[in-house]
2 protein chains.
Amino acid sequence: MSDALFKALADPTRREVLKRLQRGPATAGELAEEFPQAKATLSHHFNVLKAAGLVRSERRGQHVVYSLNTSVFEDLARMMADLFKPERKNK
Amino acid sequence: MSDALFKALADPTRREVLKRLQRGPATAGELAEEFPQAKATLSHHFNVLKAAGLVRSERRGQHVVYSLNTSVFEDLARMMADLFKPERKNK
DNA sequence: TAGATGATTAGATTAGTATCTAAATATACG
DNA sequence: CGTATATTTAGATACTAATCTAATCATCTA
């Protein structure tokens with residue numbers, strides 16, 4: 001569970017994708033154009049991000065729109081805090 | 001820089017080591033006993049954690065004492081926030 | 001329905017990481 | 001100094017992850 005999240009964040013390209021999505025949703029193609037890797041490679045990264053719950057995807061005709069799932073940030077913050085401040089009960 | 005940090009957190013064993021160190025410093029041997037892996041393997045993990053600035057080490061005679069470097073938590077929190085909230089200036 | 005476009009999946013290759021055992025280094029102490 | 005104990009480093013292996021090209025799937029439109 002948290003494993004998928006940390007693993008997803010471990011790759012710099014995926015972190016860049018997240019930062020790009022801060023500026024708003026984008027299609028797979030638009031995202032792929034902003035990175036040097038092949039489309040297929042980016043598609044793989046999208047899958048990882050999705051599995052970690054960091055992004056959502058929605059098909060719009062031929063396009064697939066990816067957007068940031070900000071609600072995971074809460075979980076992430078909790079996990080981070082948990083790594084350093086155990087005394088805090090997980091309410 | 002941040003890459004080393006995220007990579008260090010990507011491994012579940014290393015996250016467990018961090019959680020163990022929340023309860024206070026421990027020697028390499030003490031830590032190694034709490035994990036199924038070989039001592040050498042744990043030593044490798046310590047190096048990764050150290051390189052990421054997550055732990056400190058100090059030699060005490062024959063022993064090497066590892067402790068959590070809580071000051072990195074600030075950086076970590078900032079990086080996390082940065083991934084999701086770009087509008088915040090990095091003051 | 002056929003062709004074009006957008007996206008994902010399959011299969012293979014390469015690079016990186018976790019792990020082990022064995023050897024090396026560091027320190028203490030008799 | 002020589003041995004015991006604690007830890008790290010070297011070298012090898014297995015596993016995982018990133019990447020590519022080619023093929024497949026999905027949708028639109030003429």
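Only this structure's heavy atoms are used, side chains among them; waters, hydrogens and symmetry mates stay out. The sequence lines fix the lettering, A, B, ..., with proteins before strands; numbering per chain opens at 1.
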Exercise. Which parts of residues 58-67 of chain A get close to DNA chain C, meaning a heavy atom less than 4.0 angstrom away?
Worked result: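 Within residues 58-67 of chain A, the residues near DNA chain C are Gln62(A), His63(A), Val64(A), Tyr66(A).
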Exercise. Would Leu49(A) and Phe6(A) show up in the same hydrophobic cluster when neighbours are defined by side-chain heavy atoms closer than 4.5 Å?
Worked result: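 In one cluster with Leu49(A): Phe6(A), yes.
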Exercise. Are Leu42(A) and Val65(A) co-members of a hydrophobic cluster defined by side-chain heavy atoms under 4.5 Å apart?
Worked result: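 Cluster IDs for Val65(A) and Leu42(A) differ.
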How long is the line joining [atom1] of [X] and [atom2] of [N], in whole Å?
X        : N       : atom1 : atom2 : result
Phe6(A)  : dA17(D) : CZ    : P     : 16 Å
Asp3(B)  : dA18(D) : CG    : C1'   : 13 Å
Leu31(A) : dG6(C)  : CG    : P     : 14 Å
Phe35(B) : dA18(C) : CZ    : C1'   : 15 Å
Leu9(B)  : dT17(C) : CG    : P     : 14 Å
Phe46(B) : dT9(D)  : CZ    : P     : 12 Å
His44(B) : dT17(C) : NE2   : C1'   : 6 Å
Glu30(A) : dA7(C)  : CD    : C1'   : 13 Å

Strictly below 4.0 Å: does [X] bring a side-chain N or O up to OP1 or OP2 of [N]?
X        : N       : result
Thr27(A) : dG6(C)  : no
Thr13(B) : dA18(C) : no
Asn47(B) : dT9(D)  : yes

Exercise. Just one of Arg20(A), Lys39(A), His45(A), Glu16(A) clears the side-chain contact (heavy atoms from CB on, under 4.5 Å) bar with Leu31(A), so which one?
Worked result: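 Output: one option passes, namely Arg20(A).
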Are the side chains of [Y] and [X] in contact, using a 4.5 Å heavy-atom criterion?
X        : Y        : value
Arg15(B) : Asp3(A)  : yes
Val55(B) : Asn69(B) : no
Leu18(A) : Leu9(A)  : yes

Exercise. What pair of heavy atoms forms the shortest contact from Ala8(A) to Leu54(A), and how long is it?
Worked result: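 Taking Ala8(A) first and Leu54(A) second, the nearest heavy atoms are CB-CD1, 3.9 Å.
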Sub-3.5 Å pairs of nitrogen or oxygen atoms, protein against nucleotides 20-24 of chain D:
{"unit_1": "dC20(D)", "atom_1": "OP2", "unit_2": "Ala38(A)", "atom_2": "N", "d": "2.7"}
{"unit_1": "dC20(D)", "atom_1": "OP2", "unit_2": "Thr41(A)", "atom_2": "OG1", "d": "2.6"}

Exercise. Is there a donor-acceptor pair under 3.5 Å between the side chain of Arg14(A) and the backbone N or O of Lys7(A)?
Worked result: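 Pair found, side chain donor or acceptor close to backbone of Lys7(A).
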Problem set entry | Salt bridge Glu58(A)-Arg56(A), side-chain N to carboxylate O under 4.0 Å |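 A salt bridge is absent here (no side-chain N lies under 4.0 Å from a carboxylate O).
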